[in-house]
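For reference, the structure is listed below as structure tokens.
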Amino acid sequence: MDDDILKEFVAEAREHLATIESDLLAIEDGGADIDEDRVNKVFRAAHSIKGASGFFGLDKIKELAHKAETVLDLIRSRKLAPNAEITNLLLGAFDKLREMVNDPGQSQTADTHAFLVGLVDLAQSAQPNTNPAHIGMLVTTTGTELPVIVQDDSVGSPKSRPTSTTNYVYELQLDLFTDVEKQDRTLSEFIQGLQNAGNILDCHVDGDSSGSLESPGGRRLPTKITFSSRSKIDPTAAPLFLSAGQVRLVSAPTESELPLSPESTRQVPEPAPSAPAPSFPETRPAASRPTAAQPPPAPSSKERDKEGGAAAETTLRVSVELLESLMNLAGELVLSRNQLRAVLNQHKLRGVQASFQRINLVTSELQDAIMQTRMQSIGNVFAKFPRVVRDMSRNLKKDIQLDIRGKDVGLDKSLIEGLSDPLTHMVRNAADHGIESVEERLRAGKRPTGTLRIEARHEAGQVVVEIADDGKGLDPNKIASAALLRGLISPEAMQTMSDQEKMHLIFLPGLSTAEKVTDVSGRGVGMDVVRTNLARLGGKVDIVSEIGQGTLFRIKLPLTLAIIPSLVVSVNNERFAIPQISVVELLRIRADKVKERIEVIGDAEVLVLRDELIPIVRFADILNIRRAHVDAETGESGADRRERLADRRSSHATDDGARTDAIEMRHGTDRRQRASSDLEIVVVNTGAMKYGLVVDYFLTGEEIVVKPLGRHLKGLPEYAGATIMGDGTVALIVDAAGLAAKAQLANVNAARESVEEMDADKVIENRSFLLFHNGREELCATPLECVVRVEKVTRKQVESIGGKRTMQYRGIFLPLVTLSDVARVGSIDEEQELAVIVAQVGHREVGLLAAMPVDVIETKATLDGVTHRQTGVAGSTIIRDTTVLVADIFELAQTTFPEWNLQRTTEASSSSHSNCQLLLAEDSDFFRAQVKRYLESDGYAVLEAEDGEAAWKLLQEHGDTIQAVVTDVEMPNLTGLGLATRIRQDARLRHLPILALTSLASEEDIAKGKAAGVDDYQIKLDRDNLLIALRALLAAKGVAVPGGQPADVVQEGTS
Amino acid sequence: MSRFSLEREGTTVRVTLGTELTVSFVPELRELLCAIQDDGVRNLILDFSKTTFLDTAGLSLLLAARNNFSQEGRTLKLAGLQGPLFSLLETLRIDQRLNAEMG
């Protein structure tokens, strides 16, 4: 098949389908008053899709389009009045068509049964004696099962319909899991049995119920089999062994005089001559047949979006006129180039200037024209909202009027694509949570019908999209309280937040996931995602909301992503571009006014801007470069010694006399009087907040071409990209929000960071200790991970035999130690209640005698390993304001039982981290994360490296603490084999076991690996074998493995 | 040893299955296929040349894999199917859906 033609078909069909939704909704609105033009338009769309798909042999598409066309024809001829049911069915059918058209390759396997039946039934209801050539013979199954169509045209494959009327035709509904597998039959046996008894005419395995790889569908595999047999079949006997309800006789031999039920009155219209005419009984009484067959369950809006989203357009239609103007401009450019060449040859400066002007002009026009080709009307995004809102208002039983304005506003194609999801989300939120139910609205004294306004317009070189509802509005305090409850903001922060800032909290990720909070705030599911998506498009969101009155989300977007207007500023002779979209205003504060305009609150500087106080960020501080001032007279730059902007050189003199002197000394030539000493501040808006960015100079406003930052600069939140200036130098593009975060301005970002910090602490710092007493006043602790069990014991249980203190414990003798055996600490009193802390030391267990009470505590306190350090005491820490000695049970045992030959495997064994550290080198992020999880789940600590070179570096730094290397083979920079070779050549590292992970393990590969020094090969995601192999390798090298279950090799000598 | 072997060439991966694809092998294969998909593989070929037995759980996994690998330009192919297995898929009318080829 010609690929290009097929592509063209897909593009055209999509175009046809794009506008159908709104047309169908308009047709539904019109009811009996039919707008023929609209119906014709939809009819033509269906018709042309039918024609083209027929040409490509895409029969399923053709068939569905055909049936839809039939129904539309009936509407057009006023034989059928469009209502909600009919519209739903048509919408669903066109959705299905869109899905099939988007993936023509799979369209033949798509399940269209339900739609076909619905449409056919609809057509029949309108026209009982219609021409049978257009309508399939219909067989309706019992209950809620989907009906089957036996096709009357040549679409179906010969296998898919009964070819003979001398057979009994059955339809079997079964589940391959419950009806076959669980009955101790294999799939092959079952199918074989059927084939022995007759013919399998058709089969439909419901592949959807298998789910996806990530979310398997459970043990269900519904299957429908059409089966024919020469003789009658007992459903409950061989070969079926099904229940009677699962088997339905569809047709019996024509010569048979056995009507199945008295109700089989409904005759299916005469089929086309190509198919014989079996008399199909119907088990459902004809009278109960609704006007339209059960429409298939409409896909949830979410699914629909997914489908829509998956099919991002890759082609674009451009008007010929525009192309011609592009062509003309290209011609102009050629002429200008020739002109430039001519004047360059003549060395005429004036001529160069003239041709520059011309090129300048042509370039801007060309840029505009090309932008035009990428411009699409935002109406393309808005088009789906009538349906979204309609469906939602029906489901939620709300009355919502949708008001869409500014459909024609043009926006860059890439923006249109990226805008679809966030806008849909916000519209849905507004309909779901914003607008109240009719009752609520009436109670609140509002009109019962809620209004949802979606508007787009141009504003100052940007596109503004507003989503406004007249619903219940956002309550800033509720949102803030919810954020406080979730620990996203501190109580202090909450008090200082403005309402605006509080409302912006709905964009915090933590807030939006909490179900309860959503109820409280009324919004919020995934709003963080909305903001992230919009930010990616260079957009900003503002919220205006009043409780009880409604909410307005205002999104500001650049016209295009590729070229943005920006303000170029200079800091310490470096240039930076600030996107105009972030710039609110520019301030130049005269040097002698600085003290009035800038105030110091706490240790932060704020700018007094009209009646607002806004924080100030000095760009130079963020960049960590020396602040400079340029001497106005000499032009030299020198260090700016002011600590604060508000400081003047004389400001340390606080009494008036001194200051007067200073001013007098400087009068006349004081640099504060010069314009160059003025302070230049860009007031920027991040959406959530405003702040002043102090720069050295404003340079110019310029349209810049955005280039992404290279990989090495990735992860710098303060920059959004880079651009190349006219003189060829590179300027970084400032990300206002990122910069604010970097400057740790008190706002939402600060709150978010503190949350992240907390999380980080949990991972790194939080440790659990078992607290116990030694002497009466001596509080001691030991890391909980060393403890196996704690047993309360009586003094009688402690035996002292042959100089050894032991206790009978689970049938063996448990050696006991006390802290006072080896350390200079108090001893346990006679009266204190005893406890034994059982700990694993090496491969033995040892009991530490302690005094009750015993407690477990989690703390972030750090361990002081110096002040109280002595044998058996690892150090001290402060818990609940009390000094606590941290016992080192390992050392205690080591000192008390030197004959045990205990050796600490790693330094980390007394810490909370695992005691066996591995180095994992793997370049695929996915595999690295996966394998790391496996390893960590088995108790290893894992150092990660993204290639061999990084791994080698880590080995150089942490070689002493690494017990083994697990490496991928194929990696950039340095391969796994290269890494192995280096390790084997390094005297310090050559003992390390190396395990190579691979997906390609041929004998040859393995041999190569062995030669390079690899000890073992394992398949990447073969978790169990990987862990077993690793244990064996470590054991062979005499390293204790984590998890307390040592491998066989090291188990010798254990009891 | 692992019960599956992998060969990778660019964005194409061929997974050769063992003698049977049954419920006991499904979790492992599912995990492997997930990883393969997440690792950016576009074309997945499942090699059935050694496989003689397939049960419902295996079939269900194949359908799930097909659901994943029919999206976003990815492909799934079942290669090297032996006669009885191929005709089983053919009878169930899923040979084309699974892009199955006889060995």
Side-chain angles (χ1 to χ4, degrees), chain A residues 103 105-106 108-109 157 159-160 175-182 186-188 190-192 194-195 200 202-221 223 225 306 310 924-927 929-930 970 998-1002 1018-1026, chain B residues 1-9 13-15 20 22-23 26-41 44 52-73 75 84-85 87-99:
Chain A
D103 190 3
Q106 299 292 337
Q108 290 298 83
T109 53
S157 69
K159 275 180 174 172
S160 65
D175 186 313
L176 292 183
F177 273 108
T178 47
D179 297 315
V180 178
E181 213 64 53
K182 284 198 181 151
T186 71
L187 192 55
S188 317
F190 176 72
I191 297 293
Q192 197 57 51
L194 279 182
Q195 284 176 327
I200 294 178
D202 197 4
C203 178
H204 180 77
V205 181
D206 180 9
D208 290 345
S209 64
S210 297
S212 64
L213 289 171
E214 300 82 4
S215 51
R219 296 179 64 79
R220 274 186 65 243
L221 197 51
T223 300
I225 297 175
K306 215 169 75 196
S924 148
D925 290 346
F926 170 79
F927 277 109
Q930 201 71 14
E970 294 297 331
T998 180
S999 40
L1000 12 109
S1002 68
Q1018 284 301 324
I1019 302 287
K1020 260 178 202 174
L1021 290 178
D1022 193 345
R1023 178 180 184 275
D1024 294 346
N1025 282 332
L1026 167 65
Chain B
M1 270 307 285
S2 172
R3 291 164 274 215
F4 315 107
S5 68
L6 265 79
E7 290 168 56
R8 179 166 186 163
E9 194 177 326
V13 161
R14 174 184 283 261
V15 179
E20 53 181 68
T22 53
V23 64
V26 161
E28 201 179 332
L29 183 59
R30 183 187 298 280
E31 197 174 26
L32 179 70
L33 296 186
C34 272
I36 285 173
Q37 173 189 269
D38 292 345
D39 207 35
V41 169
L44 172 63
T52 52
F53 189 69
L54 174 74
D55 71 358
T56 305
L59 180 67
S60 183
L61 176 65
L62 292 178
L63 289 167
R66 182 259 165 199
N67 290 343
N68 279 51
F69 274 85
S70 62
Q71 286 170 8
E72 295 162 14
T75 65
L85 218 49
S87 68
L88 175 66
L89 297 184
E90 206 181 20
T91 309
L92 291 169
R93 307 285 189 273
I94 48 175
D95 51 331
Q96 288 179 11
R97 225 191 299 176
L98 293 174
N99 218 345

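Per chain, numbering begins at 1; letters A, B, ... match sequence-line order.
- The shortest non-hydrogen separation linking A/Ser210 to B/Ala64 is O-CB, 3.4 Å.
- In terms of non-hydrogen atom pairs under 4.5 Å with chain A, the most contact-rich of B/Thr22, B/Leu63, B/Leu62 is B/Leu63.
- Per-residue heavy-atom pair counts under 4.5 Å with chain A were compared for B/Ile94, B/Leu88, B/Leu92, B/Val13, and the maximum is reached by B/Leu92.
- For B/Arg30, the salt bridge (charged side-chain N to carboxylate O under 4.0 Å, His left out) criterion is met by no residue, not counting sequence neighbours.
- Here the shortest heavy-atom pairing between A/Gly207 and B/Asn67 reads O-ND2, 3.1 Å.
- Evaluation of the side-chain hydrogen bond (donor to acceptor under 3.5 Å, both in side chains) rule for B/Thr91 yields A/Gln195 as partners, not counting sequence neighbours.
- Contact tally against chain B (heavy-atom pairs below 4.5 Å) for A/Ile191, A/Leu194, A/Thr223, A/Asp103: the top residue is A/Ile191.
- Heavy atoms closer than 4.5 Å to chain A are found nowhere in B/Val15, neither backbone nor side chain.
- What you find for A/Thr109 and B/Arg97 is that their closest heavy atoms are CG2-CG, 3.4 Å.
- Using a 4.5 Å heavy-atom cutoff, the side chains of A/Val205 and B/Arg93 are not in contact.
- Listed options A/Gln108, A/Arg219, A/Glu214 were ranked by heavy-atom pairs under 4.5 angstrom with chain B; first place goes to A/Glu214.
- In this structure, the separation between CD on B/Gln37 and OG on A/Ser212 is 8.0 Å, given to the nearest 0.5 Å.
- Heavy atoms of B/Asn68 lying under 4.5 Å from chain A belong exclusively to its side chain.
- With contacts defined as side-chain heavy-atom distances shorter than 4.5 Å, the pair B/Leu61/A/Leu213 qualifies.
- Contacts between A/Leu221 and chain B at a heavy-atom distance below 4.5 Å involve the side chain alone, from C-beta outward.
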